[in-house]
**Student:** 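After the structure tokens below, expect a handful of questions from me.
Below, each value reflects all heavy atoms present in this structure, side chains not excepted, and no hydrogens, waters or symmetry copies. When a ligand or atom number is given, it counts from 1 through the structure's own listing order. The chain is numbered in sequence order, starting from 1.
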Amino acid sequence: KTRLVILISGRGSNMRSIIAAAEQGELNIDIAAVLSNRPDAAGLQFAHDAGISTAVIDHKLFESRESFDKAMAAEIDRYQPDFVILAGFMRILTAEFVDHFAGRLINIHPSLLPKFKGLHTHQRAIEAGEKEHGASVHFVTAELDDGPVILQAKVPVLTDDDADTLAARVLEQEHLLYPAAIKKLVTQQAD
Ligand code: GAR
């Protein structure tokens, strides 16, 4: 089975969609651990209840981005994952961390990359007058929200959308997109 470690910072709804897909046997994956940089991430309890190992590496306890990333990398390495899945993990990662997991580090970003890298993607898409918006699963490279796209999902932007209604429409697609992208990676790995 393909081994995953999932990194979260909060709600963890994308993580839940991956756990659900794994439980339904749709993906030939083993979720080795769920790690969070925030002790209060709601997703931790869900993962724990699903019988998955969890750990917190609290970034506030580290003096630098480098030392936090080193600790996070060491924790991830204990599980020897084939892929490290960022699912609402809201920390910018050092080049050293990204290099260490090169080709194995995957992220979901709530925009049709290369459009709207960074934060507040839904508000920015509305302000830019986009007719279409969505989400992207991509390989992580040292450049923020750059890296080769694995799969994207599109949604329409409606005239009466605000950032919240648009975010909800995108999130619904994210929950289908991330398991589908992981399936693609797992299949390619098996080839
Ligand atoms: C998702 O919409 C994800 O695309 C986004 O945060 C949300 C996390 O929700 N990620 C980013 O903005 C990354 N920069 P979740 O915790 O419920 O999965």
**Student:** With the criterion set at N/O pairs under 3.5 Å, what does the list of contacts between the protein and ligand 1 look like, atom names and distances included?
**Tutor:**
residue	atom	partner	partner atom	Å
ligand 1	2 (O)	Glu174	OE1	3.2
ligand 1	2 (O)	Glu174	OE2	2.9
ligand 1	4 (O)	Glu174	OE1	2.7
ligand 1	4 (O)	Glu174	OE2	3.4
ligand 1	9 (O)	Arg11	NH2	3.0
ligand 1	16 (O)	Gly12	N	2.8
ligand 1	17 (O)	Arg11	NE	2.6
ligand 1	17 (O)	Arg11	NH2	3.3
ligand 1	17 (O)	Ser13	N	2.7
ligand 1	17 (O)	Ser13	OG	2.5
ligand 1	18 (O)	Ser13	N	3.4
ligand 1	18 (O)	Asn14	N	2.9
ligand 1	18 (O)	Asn14	ND2	3.0

**Student:** Between the main-chain N or O of Val56 and the side-chain N or O of Ser36, is there a donor-acceptor pair closer than 3.5 Å?
**Tutor:** no
**Student:** Show me the pairs that pass ring pair (Phe, Tyr, Trp, His ring centres under 6.0 Å) and involve residues 33-66, at least two apart or across chains.
**Tutor:** Phe62-Phe68
**Student:** Could Arg169 and Asp161 be called an ion pair, given the rule that one side-chain N must be under 4.0 Å from one carboxylate O?
**Tutor:** yes
**Student:** Does atom NZ of Lys117 have more than 12 heavy-atom neighbours from other groups under 6.0 Å away?
**Tutor:** yes
**Student:** Which atoms form the tightest heavy-atom contact between Ile6 and Ala87, and what is the distance?
**Tutor:** CG2-CB, 4.0 Å
**Student:** Does the pair Arg124/Glu127 count as a salt bridge with the N-to-O cut at 4.0 Å?
**Tutor:** no
